[in-house]
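Comments concern the structure below.
Sequence lines set the chain letters: A, B, ... in the order given, protein chains first and strands last, and positions in each chain run from 1. Being a predicted model, the structure only gives us computed values, none of them experimental.
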Amino acid sequence: MELSLATRTVGECTVLEVGGEVDVYTAPRLRERLIELIDAGARRVVVDLGRVDFLDSTGLGVLVGALKRLRSVGGTFALVCDKEPLLKIFRITALDQVFPLHPTVDAAVAAGAAGNGA
Amino acid sequence: MSTVRLSFSPAPVHVRTARLVGVAVARRAGVAEELLDEVRLAIGEACTRAVALHRQYGLNDLVRVEMSDSGAYTVRVIDRAPIEAGLGLAALPPDELADESLTDEALTTGVGFALLAGFVEDLQVRPVDEGIGTEVRMVWPVNR
């Protein structure tokens, strides 16, 4: 399935809903969208991976890039993920120790509002 | 025993095709359904690595993928990049993953290797028998 990207605002957070496959071919589009959002002033960014059915190292690299970019401008970055196959990818790469991972958008937004996003 | 071979130009768009074929052959070979996500990810990572190496060295050679089901399901992904590049794989410790000094390429390579090593119990990365290049060899059990 092709990559899909949709943005909405929840409270103070910009939520980017990602769907489909994030791989070496589609990850540049995700990177561009995240950079656009941050350049446009988004500082509390939540990426919802709920509809992602494939995520590889290139996609993970893009997410780390967004985390670093937001950190450098005093922003926060969090991920929403509750699917075991994806969570296993984060555990195996130790990136579960790098990203704040939340089971729902509401939980991520609540953590972001409390300043615990990243 | 049956064999499926696939060769593709080193472009990111074709990696998905390799994943789809690799999983289709795995399913037919009798790899357990619950392992197919891991097969898909591992073949994708091995092909992504090969494509990145070919692009890094400006090589137009095809990336080769060979799948066979003799006893177990074996997938070999073969690149034509110089060996010193191909074998330079290392997993990254967590405190370095989001380090500012780490380049995007180094991060993606390290994470890709962590995924391969984490998902493939029987994994070998070795020089090809003839000529220049490396082979990532992955083996999964089959139920018959």
ILVMFWY network linking B:Leu59 to B:Val128, side-chain heavy atoms under 4.5 angstrom: no

Path from A:Leu86 to A:Val98 over hydrophobic side-chain contacts below 4.5 Å: yes

Can you confirm whether [X] is buried at [atom1], in the sense that more than 12 heavy atoms of other residues, nucleotides or ligands lie under 6.0 Å from that atom?
| X | atom1 | result |
| --- | --- | --- |
| A:Arg91 | CZ | yes |
| B:Ile132 | CD1 | no |
| B:Gln124 | CD | yes |
| B:Arg64 | CZ | no |
| B:Asn60 | CG | no |

Salt-bridge criterion met for A:Lys88 and B:Asp37 (N-O under 4.0 Å): no

Toward chain A, the part of B:Glu38 with a non-hydrogen atom under 4.5 Å: side chain

Portion of B:Arg40 that has a non-hydrogen atom of chain A nearer than 4.5 angstrom: both

CA sep, side-chain torsions, deciding dist, call: B:Val51, A:Val24, side chain to side chain contact (heavy atoms under 4.5 Å, CB included): CA-CA 9 Å; B:Val51 169; A:Val24 63; 5.6 Å; no

Selection from B:Leu107, B:Val15, B:Val13 maximising heavy-atom pairs under 4.5 Å formed with chain A: B:Val13

Rounded to the nearest 0.5 Å, how far apart are [atom1] of [X] and [atom2] of [Y]?
| X | Y | atom1 | atom2 | answer |
| --- | --- | --- | --- | --- |
| B:Thr48 | A:Tyr25 | OG1 | OH | 14.0 Å |
| A:Leu60 | B:Thr108 | CG | OG1 | 8.5 Å |
| A:Asp56 | B:Leu41 | CG | CG | 7.0 Å |

Non-hydrogen atoms of A:Asp23 and B:Arg19 that approach each other most closely: OD2-NH1, 2.9 Å

Region of A:Leu95 in contact with chain B, defined by heavy-atom distances below 4.5 Å: both

